[in-house]
Amino acid sequence: MSDARATTGLVAHGLHLARAGRPVLRDAGIVLPPGRVTALVAPSGAGKSTLLRCLVRLVEPDAGEIRLDGRPVTELEATALRRRVGLVAQHPAMLPGTVADNVRHGLPDLADEAVGEALRAAGLTEGFAGRPAAALSGGEQARVGLARALSRRPEILLLDEPTAALDEAAAGRIGTTLRTLAADGIGICLSTHDLALADAVADTRATLPGPA
Ligand SMILES: Nc1ncnc2c1ncn2[C@@H]1O[C@H](COP(=O)(O)OP(=O)(O)O)[C@@H](O)[C@H]1O
Ligand SMILES: [Mg+2]
């Protein structure tokens, strides 16, 4: 196994987590180097979403270690960690207001051009900026969640089933976006059970053991 202390990017190993007396993660781990796309492929219920939430400390594992550029994430402030490691949830929550308000959330000074750039990178046009976020389709909201994460300029981007609510053409565009981001040096992990997408977009496949 690689030495997590000497590895750049986000590295987790030996993660264990039990909920309600049942194991959710058993010796789970993942290595996300800068500039590479990793597909986390595992069946429903295997713990993909839980692993991604552990990586940004929305969930604390019972055991195991997670390091960002060699430093335990427990030594970082949660807000600083989440600025460097962006998580796009499968169904990102939309806040009241416009799409631009949603992209700007937590970054009130973000310029209009930066909002537009994030929207375009996420596969939306700038014309979405003024629309009420609550009125968008699930697939459009998923892309607003991606735009929100991209506007933070994360070093590592985690996407939980990013194409689940998208048609094939839109999924393909997200795949192209992720390759462009990786070429810029961002380390990317997408969880999916779509093997064709994983093979088309990812450099590496990671997995988790199935449900116990
Ligand atoms: N807070 C929780 N309480 C109880 N069970 C949970 C909790 N979070 C996740 N689980 C269970 O852990 C397992 C893995 O869930 P999840 O990480 O959502 O898997 P996946 O994303 O791979 O479908 C599921 O059986 C789920 O019901
Ligand atoms: Mg999930």
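Note that the structure is predicted; figures quoted are calculated from it, not measured. Whatever order the structure lists them in is the order used to number ligands and atoms, beginning at 1.
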Interfacing atoms of ligand 1 (cut-off 4.0 Å, heavy-atom, K48)
17 (O), 19 (O), 20 (P), 21 (O), 22 (O), 23 (O)
Could you tell me which atoms of ligand 1, counted from 1 in the order shown, lie closer than 4.0 angstrom to a heavy atom of P43?
22 (O)
Is it true that R148 and D101 have a side-chain N and a carboxylate O under 4.0 angstrom from each other?
no
Compute the shortest N/O to N/O distance between V24 and ligand 1 and return yes if it is under 3.5 Å, no if not.
no
Polar contact flag for A20 and ligand 1 (N/O pairs, less than 3.5 Å):
no
Under the 3.5 angstrom rule, does the side chain of R36 hit a backbone N or O of A182 as a donor-acceptor pair?
no
Is it the case that the side chain of R67 and the backbone of V11 share a donor-acceptor pair, with hydrogens and angles ignored and the cut-off at 3.5 Å?
no
For [atom], the protein heavy atom that lies nearest, with its residue and separation:
atom: atom 18 (O) of ligand 1; result: S49 CB, 3.8 Å
atom: atom 17 (O) of ligand 1; result: T50 OG1, 2.5 Å
atom: atom 19 (O) of ligand 1; result: G47 N, 3.1 Å
atom: atom 2 (C) of ligand 1; result: R19 CD, 3.5 Å
atom: atom 14 (C) of ligand 1; result: G45 O, 3.3 Å

If hydrophobic clusters are built by linking Ile, Leu, Val, Met, Phe, Trp and Tyr wherever their side-chain heavy atoms come under 4.5 Å apart, do L32 and L178 end up in the same one?
no
Under a 4.5 Å cut-off applied to non-hydrogen side-chain atoms, are T50 and R19 in contact?
no
Within 6.0 Å of CD in E168, more than 12 heavy atoms from elsewhere:
no
For R205, look at atom CZ and say whether over 12 heavy atoms of other residues, nucleotides or ligands are found less than 6.0 Å away.
yes
Under 4.0 Å, counting heavy atoms only: does S44 come that close to any atom of ligand 1?
yes
Under 2.8 Å from the Mg ion (ligand 2), is there any N, O or S atom belonging to Q90?
no
Which atom names give the shortest non-hydrogen contact between D62 and L17, and what distance separates them?
OD2-CA, 3.3 Å
Atom of T8, atom of P34 and distance for their closest heavy-atom approach
OG1-CD, 3.6 Å
Protein heavy atom under 4.0 Å of atom 27 (O) of ligand 1
no
Protein contact for atom 9 (C) of ligand 1 (heavy atom, distance under 4.0 Å)
yes
